[in-house]
Amino acid sequence: MTFESVTRRSFLLGSAGLATTVLAGCTTARERVEVRPEPVVDNSIYAAMYGPKDDEQFPLPAIPYQKIDPRFYRQMVPNPTGERPGVIVVDTANHFLYLTYEDGQAMRYGVGLGRAGFEWAGRGVIQYKREWPRWTPPDEMIARQPELEPYSARNGGMEPGLKNPLGARALYIFRDKQDTLYRIHGSPEWWTIGKSVSSGCVRMINQDVVDLFNRVQSGTPIVVLGAAAPAMAAVDQPMPVYDEATPVY
């Protein structure tokens with residue numbers, strides 16, 4: 001194995017923080033990212049990448065990655081977004097999430113999108129992030145599915161765990177200091193990656209959301225590309241009272 005392949009393997013599997021500097025200003029978001037083809041990396045890397053993680057609060061089982069389209073494996077690719085280093089870009093049209101790096105590169109992850117995943121687009125920040133978050137279905141969801149009442153805000157939400165819809169990690173997106181109710185989160189339903197499903201925001205394989213969580217910090221800029229990304233007016237609004245139990249669609 002060459003030094004280059006070892007370095008690539010370490011970077012893909014590693015959980016070091018993002019070694020980029022977030023710069024002031026921003027560029028204009030495009031409505032769709034042009035996806036460039038790239039060679040597939042040795043499968044042994046993916047076997048390790050999506051293997052079991054026994055060091056978690058709730059040990060994560062291995063993912064049968066062979067059943068997932070290889071396009072949606074975590075991999076370093078040429079950056080097609082036009083964004084500066086240190087930005088998360090969610091390409092809803094292609095079911096990809098990019099984390100941009102120096103030298104024209106980006107880490108790309110496959111994502112699944114629920115109905116809420118298409119309801120918000122524009123620029124924001126990762127206000128904060130949580131390990132093994134609680135999940136609180138909104139009242140509208142409980143009205144449609146009364147069996148979710150035990151997990152309502154009134155009852156304290158669903159405990160963290162492998163069956164929790166938010167998975168192993170959640171990143172909470174704010175715009176103009178207001179919660180968008182839009183989340184990037186893990187999911188035990190690995191088979192939904194690359195697809196659009198009935199509920200949820202931006203869902204990732206648990207192993208991938210753990211990796212992303214470790215690479216970014218609170219305050220990381222994020223761009224969500226939709227059919228018509230709205231203008232991002234800089235309105236100074238008070239920070240709302242908020243905790244991790246706020247509803248997630």
Side-chain angles (χ1 to χ4, degrees), residues 57-58 88 90 92-93 95 97 111-206 208-210 212-213 216 218-220 222-233 235-249:
Q57 178 182 352
F58 302 95
I88 294 173
V90 179
T92 60
H95 291 82
L97 182 150
V111 299
L113 294 166
R115 183 168 50 249
F118 292 99
E119 291 178 350
W120 187 86
R123 291 183 178 271
V125 298
I126 302 301
Q127 187 71 17
Y128 60 88
K129 53 186 188 169
R130 292 285 186 269
E131 297 187 31
W132 292 103
R134 299 178 72 88
W135 176 64
T136 307
D139 289 340
E140 296 91 330
M141 181 179 288
I142 294 173
R144 296 192 303 268
Q145 299 175 262
E147 67 274 15
L148 297 178
E149 173 60 31
Y151 309 124
S152 67
R154 295 176 291 278
N155 292 312
M158 179 184 284
E159 293 286 339
L162 294 178
K163 295 183 179 179
N164 188 298
L166 291 185
R169 303 288 190 275
L171 289 74
Y172 297 76
I173 303 173
F174 278 51
R175 185 181 76 178
D176 300 330
K177 301 183 180 180
Q178 294 289 334
D179 180 24
T180 65
L181 299 182
Y182 196 91
R183 312 285 186 254
I184 299 169
H185 61 87
S187 173
E189 298 177 341
W190 54 265
W191 56 89
T192 64
I193 300 305
K195 300 176 182 177
S196 299
V197 292
S198 60
S199 62
C201 291
V202 178
R203 55 174 64 189
M204 302 177 70
I205 295 172
N206 274 321
D208 280 350
V209 80
V210 169
L212 178 66
F213 183 98
V216 303
S218 297
T220 295
I222 180 169
V223 183
V224 178
L225 304 179
M232 301 291 289
V235 180
D236 189 13
Q237 298 172 324
M239 179 71 73
V241 177
Y242 188 81
D243 60 34
E244 64 188 270
T246 295
V248 175
Y249 291 86

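Residue numbers start at 1 and run along the sequence shown. No hydrogens, no waters, no symmetry mates; every other heavy atom, side chains included, goes into these values.
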Spacing of [X] atom [atom1] and [Y] atom [atom2] [to the nearest 0.5 Å]:
X: Leu148; Y: Thr136; atom1: CG; atom2: OG1; result: 11.5 Å
X: Arg154; Y: Asp139; atom1: CZ; atom2: CG; result: 5.0 Å
X: Glu147; Y: Ile142; atom1: CD; atom2: CD1; result: 10.0 Å
X: Thr92; Y: Leu97; atom1: OG1; atom2: CG; result: 11.5 Å
X: Gln127; Y: Thr220; atom1: CD; atom2: OG1; result: 11.0 Å
X: Ser187; Y: Asn206; atom1: OG; atom2: CG; result: 7.0 Å

Positive for side-chain hydrogen bond (donor to acceptor under 3.5 Å, both in side chains) with Asp179, one of Lys177, Arg175, Arg183: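 Only one of Lys177, Arg175, Arg183 forms a side-chain hydrogen bond (donor to acceptor under 3.5 Å, both in side chains) with Asp179, namely Arg183.
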side-chain hydrogen bond (donor to acceptor under 3.5 Å, both in side chains) partners for Asp208, two or more places apart: Tyr50, Arg74
Partners meeting side chain to side chain contact (heavy atoms under 4.5 Å, CB included) with Ile222 (sequence neighbours left out): Ile88, Val90, Ile126, Ile173, Ile184, Val224
Side chain to side chain contact (heavy atoms under 4.5 Å, CB included) against Thr192, all qualifying residues, sequence neighbours excluded: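 If we apply the side chain to side chain contact (heavy atoms under 4.5 Å, CB included) test to Thr192, skipping adjacent residues, the hits are Glu189, Val197, Arg203.
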Residue Phe213 excluded, over 12 heavy atoms near CZ under 6.0 Å: yes
Do [X] and [Y] come within less than 4.5 Å of each other through their side chains, counting heavy atoms only?
X: Val209; Y: His185; result: no
X: Trp135; Y: Pro133; result: no
X: Trp132; Y: Leu162; result: yes
X: Glu131; Y: Pro160; result: no

Pairs satisfying side-chain hydrogen bond (donor to acceptor under 3.5 Å, both in side chains), at least one member in residues 161-171, at least two apart: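 Output for this query lists Glu56-Arg169.
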Closest non-hydrogen atom pair between Lys129 and Tyr172, with its separation: CA-CD1, 4.2 Å
Minimum heavy-atom distance between Val111 and Met204, given as atom pair plus value: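 Here Val111 and Met204 meet closest at CG1-CG, 3.9 Å.
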